[in-house]
Amino acid sequence: MPELPEVETIKRDLEGTVLGRKILGVAINNPAVIRQPGPTQFAAGLRNAVIKRILRRAKVLILELSNGKALTVHLKMTGQLVYPGNGKTSRVSFRLSGNNTLDFNDQRLFAELRLLDDWRELKFIKELGPEPFDLTIRSFKKLLSGRKTRIKPLLMDQTFIAGIGNLYAAEILFRAKINPERSAVSLAEAEKTLLFKEIVAVLDEAIKCGGSSIDDYVRVSGKRGDYSRKHKVYGRQGKPCMACKTVIKKIAMGGRGTCFCPRCQK
DNA sequence: AATGGGACCTGCGCGC
DNA sequence: TGCGCGCAGGTCCCAT
């Protein structure tokens, strides 16, 4: 569930808490989340490294280290980074200078931690589409041109545009008044323009709110994100549309639940 | 190229 | 009360 706004929020939280700290030791309570390299090398490669810079690409957090390596974190659905942590309930705990622990939690073990020599060479990152905030209306329209696929799965396709997941795709399409089953090529120029504006607006507002806390997502401090209160369609199936009172529908698209207003979204 | 389905996981809420 | 089931969704992988 953490999407671009949640990961960006965590990135900024980490900049205010762990940036500049040294990793004194790593406790691995469940090695399943460490995808690369093996747990022993992972822990050894992090020891005594200083966190020099923190970046986000799509939904991936990147912690650049003083030893030239980078720790990448993909939270997938239930990953959390908590500081200061308790070191007990975590999958992995990083003991930091300053006598506190950064805890990595992940109920479902989908998340992925990696220690890489060059994060830019990670296949997933190399194949990513552009960041939404780097696009202009013109470049967005160019991306869309010739795409016959349905607009909602396309927005969630990380090789098309980076960082949008199921929740924000639904919210963006509601605000752009576009039915999620429309094909990209069927969109009129004005619809493409509005869609782009709403992508930027929704993501921007969500970042300002610290993201959406639905399931497990929390900020680094453990605080919840406030954007959930602003959701117009996500999780509102069966309830009246906030704009027209029509019942919000939920359908399956590409195996994912998709909420929309059948009257507002044409 | 587009689409669907299953896999990975675990906890929760539902119906019975 | 307890049990089994479906569902939640980011990404990969396979089949059509």
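Remember, it's a predicted structure, so these values are computed and weren't measured experimentally. Just so it is clear: chains get the letters A, B, ... in the order the sequence lines come, proteins before strands, and each one is counted from 1.
- With 3.5 Å as the limit, one finds no donor-acceptor pair spanning the side chains of A:T78 and A:Y217.
- The hydrophobic cluster containing A:W119 does not contain A:V33, counting ILVMFWY residues as joined when their side-chain heavy atoms lie under 4.5 angstrom apart, directly or transitively.
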Polar pairs (N or O, both sides) under 3.5 Å between protein and nucleotides 14-16 of chain C?
none

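- A:N105 and A:S90 share no donor-acceptor pair across their side chains, judged by distance under 3.5 Å alone.
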*A:N166 and A:K152: side-chain hydrogen bond (donor to acceptor under 3.5 Å, both in side chains), yes or no, with the steps?*
CA-CA 8 Å; A:N166 200 39; A:K152 197 230 179 192; 2.4 Å; yes

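- Distance alone, capped at 3.5 Å, is enough to place a donor-acceptor pair between the A:S221 side chain and the A:K223 backbone.
- A donor-acceptor pair shorter than 3.5 Å can be found between the side chains of A:Y83 and A:R21.
- The P atoms of B:dG13 and C:dG9 are separated by 15 Å, rounded to the nearest whole Å.
- In terms of heavy atoms, A:G211 sits closest to A:T9 at N-OG1, 3.8 Å.
- A stem is defined here as three or more consecutive Watson-Crick or G-U pairs, each with both distances under 3.5 Å; for DNA chain C these stems are B:2-8 with C:10-16, B:10-16 with C:2-8.
- Rounding to whole angstrom units, CG of residue A:L154 and P of C:dT11 are separated by 15 Å.
- In terms of modelled atom types and a separation under 3.5 Å, the side chain of A:S139 and the main chain of A:I137 share no donor-acceptor contact.
- A donor-acceptor pair under 3.5 Å links the side-chain atoms of A:Q265 to the main chain of A:I178, judged by distance alone.
- Of the options A:L128, A:L144, A:L135, A:L4, a side-chain contact (heavy atoms from CB on, under 4.5 Å) to A:I161 is made by A:L135 and by none of the others.
- Take A:K232 and apply the side-chain contact (heavy atoms from CB on, under 4.5 Å) test, not counting sequence neighbours, and it matches A:E171, A:F174, A:M242.
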Distances under 3.5 Å only, N/O to N/O: pair up the protein atoms with those of nucleotides 8-10 of chain C.
| residue | atom | partner | partner atom | Å |
| --- | --- | --- | --- | --- |
| C:dA8 | OP1 | A:K250 | NZ | 2.2 |
| C:dA8 | N1 | A:R108 | NH2 | 3.2 |
| C:dA8 | N3 | A:R108 | NH1 | 3.2 |
| C:dG9 | OP1 | A:N166 | ND2 | 3.1 |
| C:dG9 | OP1 | A:Y234 | OH | 2.9 |
| C:dG9 | N7 | A:R256 | NH1 | 3.1 |
| C:dG9 | N1 | A:R108 | NH2 | 2.3 |
| C:dG9 | N2 | A:R108 | NE | 3.3 |
| C:dG9 | N2 | A:R108 | NH1 | 3.1 |
| C:dG9 | N2 | A:R108 | NH2 | 2.2 |
| C:dG10 | OP2 | A:N166 | N | 3.0 |
| C:dG10 | O3' | A:H74 | NE2 | 3.3 |
| C:dG10 | N7 | A:R256 | NH2 | 3.0 |
| C:dG10 | O6 | A:R256 | NH2 | 3.1 |

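- Partner of A:E112 under the salt bridge (Lys or Arg N to Asp or Glu O under 4.0 Å) criterion, out of A:R91, A:K76, A:K59: A:K76 alone.
- Residue pairs satisfying the salt bridge (Lys or Arg N to Asp or Glu O under 4.0 Å) criterion with at least one member in residues 129-145 of chain A, sequence neighbours excluded, are listed as follows: A:R56-A:E131, A:R57-A:E131, A:K141-A:E189.
- With both ends at atom P, the span from C:dC7 to B:dG5 equals 13 Å, rounded to whole Å.
- Using a 4.0 Å cutoff to heavy atoms of chain A, the contacted part of DNA chain B runs 5' to 3' from B:dA2 to B:dG11.
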